[in-house]
Amino acid sequence: MLRSHTCGELHLGHVGTPVHLSGWVQRSRDLGGMTFVDLRDRYGITQLVFNMDTRPDLCAQARRLGREFVISVRGSVAERSNKNLRIPTGEIEILVEELQVLNASKVPPFTIEDETDGGDDLRMKYRYLDLRRALVRNNLMLRHRMAIATRNYLNQEGFIEVETPVLIKSTPEGARDFVVPSRMNPGEFYALPQSPQTFKQLLMVSGFDKYFQIVKCFRDEDLRADRQPEFTQIDCEMAFVDQDDILSTFEGLARHLFRQVKGVEIGDFPRMTYAEAMRRFGSDKPDLRFGMEFTELTPLTRGKDFKVFDEAALVVGICAPGCAEYTRKQLDELTDFVRRPQIGAKGLVYVRCQADDTFKSSVDKFYTEEDLRNWAATSGARAGDLLLILAGEPNPTRKALNELRLEMGNRLGLRDRESFAPLWVIDFPLLEWDEDTRRFYAMHHPFTSPRREDIPLLDTDPAQVRANAYDLVINGVEIGGGSIRIHDRDLQKRMFSILGFTDEDAQAQFGFLMNAFEYGAPPHGGVAFGFDRWCALFGGADSIRDFIAFPKNNAGRDVMIDSPAPISQEQLDELSIGIRRSSSNG
Ligand code: ASP
């Protein structure tokens with residue numbers, strides 16, 4: 001070994017010990033008779049001292065070291081006179097007796113510090129340097145601890161990790177597939193899995209009982225801050241279970257991860273139906289770290305000649321605690337916020353519930369003080385609070401108010417990253433109607449079982465059928481979701497027909513699964529968690545990107561290896577892909 005210790009472990013107890021350390025030069029400082037070098041490795045930073053009086057040769061050598069040079073030193077541990085109590089090794093330093101440069105380094109394109117001067121693009125291009133920064137490294141270490149803790153828990157619960165194939169078949173449901181041409185089967189393509197869904201179900205038919213896999217999944221979607229074309233799921237499936245069994249097993253996983261990785265004992269996991277979540281929060285992933293629940297004011301606002309409210313199918317508000325004194329400017333900001341095209345509200349009505357028990361609103365022309373008092377009482381508003389009210393079509397209005405609620409939560413500091421509020425959202429609708437294509441789509445996926453008591457509605461009113469499906473939501477983030485599956489061939493066939501498949505199409509696409517259901521398929525269900533997202537949540541970040549070692553940028557590119565990239569004409573020909581490459585690019 002080129003070291004006896006790491007750069008993160010020496011302390012006062014080691015004073016006088018001879019040591020051998022290796023690492024990267026973080027920075028160096030010349031102070032006349034002394035040169036100080038901060039030596040960094042994965043474990044921390046240790047200060048090296050070179051003394052001009054005792055070792056002028058070494059000191060001169062140290063002064064020639066550049067940032068990110070790889071060096072190895074021998075010396076002894078000494079107590080520092082100028083202690084830095086912010087780092088674990090801050091009370092000691094190494095009096096260097098021998099210095100060896102293992103490799104020089106060019107000046108890095110950005111500083112390898114927590115507060116780096118490198119922009120996103122540069123950091124991505126030189127990701128291997130970015131990964132030297134403690135911040136990013138810590139994220140990956142958190143990810144590692146999450147993966148180990150997940151495997152430990154599931155192993156202990158009797159789950160078996162099974163790898164499923166990466167070259168599979170494209171299917172029309174769900175997101176867009178990434179496809180891979182097959183050289184040996186000209187004109188035919190594999191697809192990369194969007195999830196191992198059908199394979200894990202087949203494993204249940206095989207009798208594996210409890211399966212999991214920490215697995216890469218691929219979706220060719222437009223990217224957002226929290227999306228990557230390839231991402232990782234904790235994918236799980238169990239046989240002979242009902243919804244309760246699944247929820248309690250994976251509540252166990254969540255508790256275990258909170259305890260092992262965050263040191264947090266988590267309280268209850270409330271269960272809320274989709275309908276209730278939409279009514280109370282306008283969202284199927286409500287952030288329960290704070291209240292500000294919706295109050296419906298429709299009947300109270302009718303018949304006072306305020307056209308906007310009279311014509312609206314829904315008038316709904318939230319009560320922002322302690323915000324009655326918001327300035328004109330703050331209220332204008334909120335109005336602009338809800339009018340943004342992504343949110344789409346036409347306007348915002350406010351009522352100030354003033355300290356002297358009077359009310360002031362943006363609709364004083366239409367409503368009496370008594371009306372406003374009534375709204376406030378219904379909303380549970382108290383003196384000092386501010387009512388914020390939106391009106392319009394129910395779904396878009398609820399969605400817009402959800403955004404406003406989250407915005408108010410941010411403004412009021414109610415969304416603390418170190419507090420955690422999990423819940424299960426259950427009873428999602430099975431189907432979603434799409435006006436453009438005039439057909440139903442499965443809200444979760446076509447293998448999700450309807451709730452048993454709703455099966456008769458499949459024939460009469462499919463839109464009302466509830467799915468035996470559930471999502472785990474933490475702090476307003478969908479961390480995972482799953483369902484009890486259909487395990488009966490006829491019901492699965494019926495489901496495909498409701499989704500607009502002909503029998504032939506269904507057989508061609510999913511015949512393998514429906515055939516398997518004829519050979520003793522046990523009742524089964526499962527769930528998949530977004531592993532990157534869960535890591536980001538635990539790491540206190542919004543974006544998953546810094547929890548992935550080598551992520552893609554917003555255009556789906558890896559700018560470090562410069563991919564995707566053209567391939568040669570020979571490769572294209574070999575794959576029977578009829579693209580002619582122009583001679584200018586090869
Ligand atoms: N395969 C599903 C998904 O990726 C999760 C599940 O139903 O288990 O969303």
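In this text the structure is predicted, and so the values were computed from the model without any measurement. Indexing begins at 1, ligand by ligand and atom by atom, following the structure's order.
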A.B. asks: Among all protein heavy atoms in this structure, tell me which lies nearest to atom 9 (O) of ligand 1, with the distance rounded to 0.1 Å.
C.D. replies: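 Scanning the protein heavy atoms, the shortest distance from atom 9 (O) of ligand 1 goes to His444 CE1, 3.9 Å.
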A.B. asks: Please name the residue in the list Asp532, Asn139, Asn554 that meets the side chain to side chain donor-acceptor pair (under 3.5 Å) test with Arg545.
C.D. replies: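 That would be Asn554; it is the only one of Asp532, Asn139, Asn554 passing the side chain to side chain donor-acceptor pair (under 3.5 Å) with Arg545.
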A.B. asks: Output the distance between atom CG (Leu491) and atom OG (Ser449), rounded to the nearest 0.5 Å.
C.D. replies: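 Atom-to-atom, Leu491:CG and Ser449:OG are 6.0 Å apart.
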A.B. asks: Nearest 0.5 angstrom please: Leu406 CG to Asn402 CG, how far?
C.D. replies: 4.5 Å
A.B. asks: For the atom pair NZ (Lys200) and CZ (Phe208), what is the distance rounded to the nearest 0.5 Å?
C.D. replies: 15.5 Å
A.B. asks: Rounded to the nearest 0.5 Å, what's the gap from CZ on Phe447 to CE on Met514? Could you check?
C.D. replies: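 The CZ atom of Phe447 sits 9.0 Å away from the CE atom of Met514.
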A.B. asks: Any atoms of ligand 1 less than 4.0 Å from a non-hydrogen atom of Ser195? List them with their elements.
C.D. replies: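 Ligand 1 atoms under the 4.0 Å threshold to Ser195: 1 (N), 4 (O).
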A.B. asks: Is it the side chain, the backbone, both or neither of Val527 that has a heavy atom closer than 4.0 Å to ligand 1?
C.D. replies: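 Near ligand 1, Val527 shows its backbone, while the atoms from C-beta on stay back.
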A.B. asks: Would you mind telling me if ligand 1 is within reach of the side chain of Glu237, the backbone, both or neither, using heavy atoms under 4.0 Å?
C.D. replies: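 For Glu237, no heavy atom sits under 4.0 Å from ligand 1.
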A.B. asks: Looking at Phe428 versus Tyr470, is the centre-to-centre ring distance below 6.0 Å?
C.D. replies: no
A.B. asks: Given that the side chain starts at C-beta and the backbone is N, CA, C, O, which of these parts of Gln233 lies under 4.0 Å from ligand 1, counting heavy atoms, or is it both or neither?
C.D. replies: side chain
A.B. asks: Ignoring hydrogens, what is the shortest heavy-atom contact between Pro462 and Leu458? Give both atom names and the distance.
C.D. replies: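 Nearest heavy atoms, Pro462 then Leu458: CG-O, 3.5 Å.
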A.B. asks: Quick one: which of Phe538, Phe269, Trp534 gives a ring pair (Phe, Tyr, Trp, His ring centres under 6.0 Å) with Phe258?
C.D. replies: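 Only match with Phe258 under ring pair (Phe, Tyr, Trp, His ring centres under 6.0 Å): Phe538.
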A.B. asks: Output the list of atoms in ligand 1 that are nearer than 4.0 Å to some heavy atom of Gly481, sorted by atom number.
C.D. replies: 5 (C), 6 (C), 8 (O)
A.B. asks: Under a 4.0 Å heavy-atom limit, does Glu478 contact ligand 1 with its side chain, its backbone, both, or neither?
C.D. replies: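 For Glu478, no heavy atom sits under 4.0 Å from ligand 1.
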A.B. asks: Give the residue, atom name and distance (to 0.1 Å) of the protein heavy atom nearest atom 2 (C) of ligand 1.
C.D. replies: Gln197 OE1, 3.5 Å
A.B. asks: For ligand 1, which part of Gln201 has a heavy atom less than 4.0 Å away: the side chain, the backbone, both, or neither?
C.D. replies: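 None of Gln201 does.
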A.B. asks: Which ligand 1 atoms does Gly482 reach within 4.0 Å, using its non-hydrogen atoms?
C.D. replies: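 What qualifies from ligand 1 is 6 (C), 7 (O).
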A.B. asks: Can you find a non-hydrogen atom of Lys200 under 4.0 Å from ligand 1?
C.D. replies: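 Yes.
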